[in-house]
Number of protein chains: 2
Amino acid sequence: MDQNTDDVRRKRPPERDLDAMDRKLLGVLVEDATTSYAELGERVGLSPPAAHERVKRLRRSGAIRRVSALIDPDAVGKTLLAFVHVDTTGWGKTQALLAIEECPEVEEIHSVAGDTCMLLKVRTESTHALEGLLARLYDTPGVKATRSYVVLSTYLERPVQPGTTSDWPAVVKG
Amino acid sequence: MDQNTDDVRRKRPPERDLDAMDRKLLGVLVEDATTSYAELGERVGLSPPAAHERVKRLRRSGAIRRVSALIDPDAVGKTLLAFVHVDTTGWGKTQALLAIEECPEVEEIHSVAGDTCMLLKVRTESTHALEGLLARLYDTPGVKATRSYVVLSTYLERPVQPGTTSDWPAVVKG
DNA sequence: GATGAAAGTTACTCAAG
DNA sequence: CTTGAGTAACTTTCATC
């Protein structure tokens with residue numbers, strides 16, 4: 001189909017499904033990937049070599065995509081966060097539209113189902129920079145309209161978590 | 001576009017503003033935080049001790065929030081991504097609403113300006129799990145309505161980037 | 001998997017230019 | 001900031017049970 005999605009969605013054969021131990025390891029490494037294998041094993045109930053072996057497998061299988069330094073947006077001057085809905089004429093997944101991924105301010109590009117076509121997560125230094133990005137969007141062929149949701153406060157922002165609600169011991173519902 | 005020179009906004013503990021070298025270091029560490037200080041220094045044009053000293057400062061100042069293992073959503077079974085707009089009666093920043101951060105499926109919670117109050121980024125294993133989350137939202141006092149944008153394809157998803165478009169020497173237009 | 005041990009890197013600190 | 005040196009710590013592998 002298209003090769004544009006190859007960087008984001010790696011289709012790898014999952015050799016084995018992740019068990020509870022793998023999830024615990026991932027949980028620790030998501031919080032702090034600098035954890036040594038000694039402490040890692042201790043926190044999940046495994047010997048250091050066993051922990052190392054499993055983490056190595058998690059990396060090789062692609063379950064761990066990469067180890068990244070998460071930086072404070074304010075520290076690099078990016079104080080403005082916004083979600084931009086993009087309406088297009090026809091099918092919005094054009095090469096020209098996806099080209100905005102070259103802007104470091106654009107952190108996410110999704111096609112969505114709903115009353116809009118594409119959804120962008122954008123982090124800029126200022127409203128002026130956001131305006132520049134919107135201007136570029138409107139210059140893109142096929143872009144009909146945009147709707148921006150400027151973030152006032154962020155209460156939670158974290159990476160993909162290995163756990164699910166169903167992992168909880170009990171779910172209390174009324 | 002020139003930026004104001006008397007722009008003195010020291011609200012955090014950044015002792016000094018990040019220079020170009022710090023941004024280059026961050027750029028490398030965002031891509032791969034396992035890079036050794038030897039290679040790190042080589043790639044930015046610094047000696048290993050100098051690179052180490054700067055990275056240590058970046059961590060201490062909070063510019064590097066944490067080093068995290070970014071995991072593949074598919075590997076942990078989270079194949080469904082959705083953005084949920086939440087409309088509330090009155091001011092939506094209630095304690096009850098923010099309590100959903102306990103769900104590992106909820107990755108982001110923002111209050112936004114626009115035709116909605118709160119914006120959630122949610123990643124679940126299935127549509128059924130998403131339904132369960134929406135049910136919990138509707139059980140929350142003050143929640144009037146929700147609008148979900150289910151992601152069909154993700155074309156880009158990356159952490160906060162240290163660079164900006166203005167860093168570029170020239171802007172290439174398609 | 002657990003244990004123990006070995007070898008190679010790297011982190012980290014400190015000297016001096 | 002650079003070079004160089006040095007120790008401690010960790011990674012990584014392997015042989016053993």
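By convention in this document, chain letters (A, B, ...) are assigned in the order of the sequence lines, proteins followed by strands, and residues within each chain are numbered from 1.
- Across the C1' atoms, D:dT7 and C:dG17 are found 23 Å apart, a figure rounded to whole Å.
- A salt bridge is defined here as a Lys NZ or Arg NE, NH1 or NH2 lying under 4.0 Å from an Asp or Glu carboxylate O, and B:Arg54 with B:Asp19 meets this definition.
- Looking at A:Glu107 and A:Arg123, a side-chain N of the basic residue comes within less than 4.0 Å of a carboxylate O on the acidic one, giving a salt bridge.
- Residue pairs meeting the ring pair (Phe, Tyr, Trp, His ring centres under 6.0 Å) criterion with at least one partner in residues 60-90 of chain B, sequence neighbours excluded, are A:Phe83-B:Phe83, A:His85-B:His85, A:His110-B:Phe83, A:Tyr149-B:His85, B:His85-B:Tyr149.
- No side-chain N or O of B:Thr79 forms a donor-acceptor pair with one of B:Glu125 less than 3.5 Å apart.
- Taking CG of A:Leu97 as the reference point, atom CD of A:Glu101 lies at 11.0 Å (rounded to 0.5 Å).
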Seminar exercise, completed: Per-nt protein contacts along nucleotides 4-17 of chain D (heavy atom under 4.0 Å; B base, S backbone sugar-phosphate only, - none) come out as B------SSB----
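- A salt bridge between A:Glu108 and B:Lys121 is present, with a side-chain N of the basic residue lying under 4.0 Å from a carboxylate O of the acidic one.
- Boundaries of the chain A contact region on DNA chain C are C:dG1 to C:dG4, first to last in 5' to 3' order (nucleotide atom under 4.0 Å from a heavy atom).
- Within the structure, the side chain to side chain donor-acceptor pair (under 3.5 Å) test picks out the following pairs touching residues 37-50 of chain A (sequence neighbours left out): A:Tyr37-A:Arg59.
- Put simply, OG1 on A:Thr124 and CD on A:Glu131 are 11.0 Å apart, with the number rounded to the nearest 0.5 Å.
- Counting only Watson-Crick and G-U wobble pairs whose two key distances fall under 3.5 Å, DNA chain C forms stems of three or more stacked pairs at C:1-11 with D:7-17, C:13-17 with D:1-5.
- Remark: B:Ser68 pairs with no residue by the side chain to side chain donor-acceptor pair (under 3.5 Å) rule, at least two apart or across chains.
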For this session: Please step through side-chain contact (heavy atoms from CB on, under 4.5 Å) for the pair A:Val84 and A:Arg147, ending with a clear verdict.
Result: CA-CA 6 Å; A:Val84 179; A:Arg147 244 177 353 271; over 6 Å; no
